[in-house]
Amino acid sequence: MQRPIFLDGHGTTPTDSRVVKAMMPYLQEQFGNPSSQSHLYGWEAEAAVKLSRETLAEAIGAQPEEIIFTSGASEANNLALKGVAEAYFQRGKHIITVKTEHRAVLEPCRYLESLGFEVTYLPIQSDGLLQLKDLEDALRPDTILVSVMAANNEIGVLQPLAAIGRICHDHKVLFHTDAAQAIGKIPLDVKAMNIDLMSLTAHKLYGPKGIGALYIRRRPPLNLAPQIHGGGQEHGLRSGTMPTHQIVGFSTAVELALTELNREAGRQKRLRNRLWSSLKQLDGIILNGHETERLPGSLNVSVEGVDGAALLLGLRSDIAVSSGSACASGRTEPSHVLLALGRERDLASASLRFCIGRFNTEHEIDRCASTVCQTIEALRQSHQSFKDKPNLDKTSGNTTLSIN
Ligand SMILES: *Cc1c(COP(=O)(O)O)cnc(C)c1O
């Protein structure tokens with residue numbers, strides 16, 4: 001059986017074979033611990049980590065010593081949020097974030113609330129963008145941190161980072177951004193954008209899972225309380241043996257993405273627009289999020305008159321996409337991002353998140369478009385006949401849907 005077309009790149013991406021090739025030597029021959037100072041194995045691993053750190057720093061306009069490797073963006077977000085809260089609580093206990101953040105930001109915020117911090121969750125406009133006025137109004141003398149994601153993982157919307165950075169800078173409040181979906185897809189410059197902390201991950205841009213980084217501004221220095229204590233690696237900010245192969249994979253993935261950024265962005269945008277043009281031929285298809293301020297490969301739509309679970313069920317043998325629901329404690333809940341946009345619960349559940357990536361072809365997009373259109377039409381027709389025969393039970397299957 002043919003495998004479904006993969007269009008779920010906001011969840012994760014395959015590791016590029018060029019990345020795998022760059023990683024291999026560090027799993028077998030050059031397997032040393034980068035912290036081993038006394039022999040060749042340690043030295044060569046250390047040199048590889050150093051080079052990767054330089055590559056990553058350069059990619060975001062930072063200095064190498066401002067990059068701390070973590071297990072991914074979740075850990076980087078936790079280190080940023082809890083690390084700042086713990087280091088600055090005497091200055092203030094107020095944090096500002098946005099309702100549409102990833103759970104790896106929202107949950108640390110909830111945790112900090114349980115410790116006595118106050119968190120403001122800013123609303124968004126119907127296009128998914130934050131209103132700068134809302135941010136300015138929310139700032140208080142005791143605000144210590146603002147955390148706003150660069151690109152949303154469900155609707156792909158890009159927040160105005162530079163403008164947010166300027167406001168935070170002017171108010172002397174730290175600015176953290178979760179750039180897990182943005183790195184390698186849009187240009188990022190921590191200095192120009194006044195970013196103090198930035199979370200990154202490799203597996204959304206064709207690198208391996210389990211490696212990420214936190215950019216931490218050093219000039220002027222910023223205090224951060226470590227969350228993992230141990231051997232004192234990464235200036236004591238993140239203990240644990242450094243996974244050389246993962247780090248090399250991460251920097252190789254970033255390097256490739258930046259080299260190909262312009263070409264790929266143009267190609268993905270063209271395919272995304274092609275998919276959108278086909279889908280919007282149907283009635284009752286609603287675009288979620290800003291039409292242009294979004295990642296090039298991103299498309300999120302709500303579908304009127306169909307059940308979300310039935311829609312995914314109808315698609316899953318042909319295309320791998322996710323819906324606007326997340327499985328929270330066993331119950332399927334509509335996405336908090338789509339609800340924040342103002343979508344009704346039914347429309348939020350009946351949505352599809354597409355991410356067109358490096359390995360998708362025009363042929364695949366055309367196949368996807370026709371499969372989606374046919375499935376929607378078929379579901380609407382059967383729904384109509386159910387309506388005609390009210391005795392039939394139309395409960396949908398117990399599928400577990402999830403969004404990462
Ligand atoms: C995927 C993702 C994360 C989590 O990253 P991990 O590296 O899997 O921990 C956090 N934030 C956003 C916006 C993401 O898309």
Side-chain angles (χ1 to χ4, degrees), residues 6-15 19 56 60 67-83 97-111 121 124 128-130 146-159 161 164 175-186 188 195 197-215 227-228 238 240 243 246-247 249-251 253-254 257 288-289 293-300 321-322 324 326-327 335-338 340 353-357 402-404:
F6 187 79
L7 288 166
D8 199 19
H10 288 323
T12 194
T13 56
T15 312
V19 171
L56 278 165
I60 58 167
I67 303 290
I68 295 298
F69 289 107
T70 65
S71 62
S74 298
E75 188 193 326
N77 286 342
N78 274 267
L79 176 56
L81 292 154
K82 297 179 194 167
T97 187
V98 186
K99 286 185 175 166
T100 50
E101 291 294 311
H102 192 276
R103 288 185 60 190
V105 164
L106 296 176
E107 293 303 321
C109 283
R110 298 247 182 267
Y111 169 72
Y121 300 90
I124 47 159
L129 289 173
L130 174 71
V146 169
S147 180
V148 180
M149 73 200 320
N152 188 274
N153 52 299
E154 291 188 40
I155 54 179
V157 161
L158 306 173
Q159 297 294 354
L161 289 193
I164 296 167
F175 175 34
H176 165 251
T177 187
D178 175 350
Q181 294 286 348
I183 176 89
K185 299 179 197 161
I186 57 165
L188 292 168
I195 295 165
L197 296 143
M198 181 157 79
S199 301
L200 305 172
T201 191
H203 76 97
K204 307 276 171 72
L205 85 154
Y206 313 96
K209 293 168 192 55
I211 185 72
L214 181 65
Y215 155 77
Q227 301 300 308
I228 298 180
R238 202 285 189 178
Q246 297 287 80
I247 291 170
F250 185 13
S251 66
V254 169
N288 291 318
E293 289 299 305
R294 62 167 62 233
L295 291 170
S298 237
L299 181 69
N300 190 311
V321 285
S322 59
C327 192
S335 134
H336 69 283
V337 174
L338 299 181
R353 176 183 76 170
F354 301 95
C355 176
I356 293 153
S402 68
I403 271 184
N404 312 302

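Counting starts at 1 for both ligands and their atoms, following the listed order.
- Inspection of the T12 and K209 side chains reveals an N or O donor paired with an N or O acceptor under 3.5 Å.
- In terms of N/O distances under 3.5 Å, ligand 1 is approached by D178.
- Close to ligand 1: H203, with a non-hydrogen atom less than 4.0 angstrom away.
- Under 4.0 Å from ligand 1, the heavy atoms of M149 that appear belong solely to its side chain.
- Close N/O approach between G72 and ligand 1 is not found [any backbone or side-chain N/O within under 3.5 Å].
- Take R238 and apply the salt bridge (Lys or Arg N to Asp or Glu O under 4.0 Å) test, not counting sequence neighbours, and it matches E75.
- Every atom of ligand 1 with a heavy atom of K204 under 4.0 Å away is listed here by number and element: 1 (C), 2 (C), 3 (C), 14 (C), 15 (O).
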Test side chain to side chain donor-acceptor pair (under 3.5 Å) on D178 and S199 and set out the steps. CA-CA 5 Å; D178 175 350; S199 301; 5.3 Å; no

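- Contact atoms of ligand 1 toward A73: 3 (C), 4 (C), 5 (O), 6 (P), 7 (O), 9 (O), 10 (C) (distance under 4.0 Å to a heavy atom of the residue).
- Between N77 and ligand 1, not a single N/O pair is under 3.5 Å apart.
- Rounded to the nearest 0.5 Å, atoms CD1 (I183) and CG (L205) are 6.5 Å apart.
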Do L200 and L214 pass the side-chain contact (heavy atoms from CB on, under 4.5 Å) test, and can you show the C-alpha distance, the side-chain angles, and the key distance before you say yes or no? CA-CA 6 Å; L200 305 172; L214 181 65; over 6 Å; no

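- Residue-to-ligand polar distances place Q181 within reach of ligand 1: an N/O pair is separated by less than 3.5 Å.
- Here CD1 of I124 is found 4.5 Å from OG1 of T100. Values are rounded to the nearest 0.5 Å.
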Working note: L338 + I155, criterion side-chain contact (heavy atoms from CB on, under 4.5 Å); need CA distance, chi angles, decisive distance, verdict. CA-CA 8 Å; L338 299 181; I155 54 179; 3.8 Å; yes

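- Not one N or O of N153 is nearer than 3.5 Å to an N or O of ligand 1, by distance alone.
- Both the backbone and the side chain of S74 come within 4.0 Å of ligand 1, judged by heavy-atom distances.
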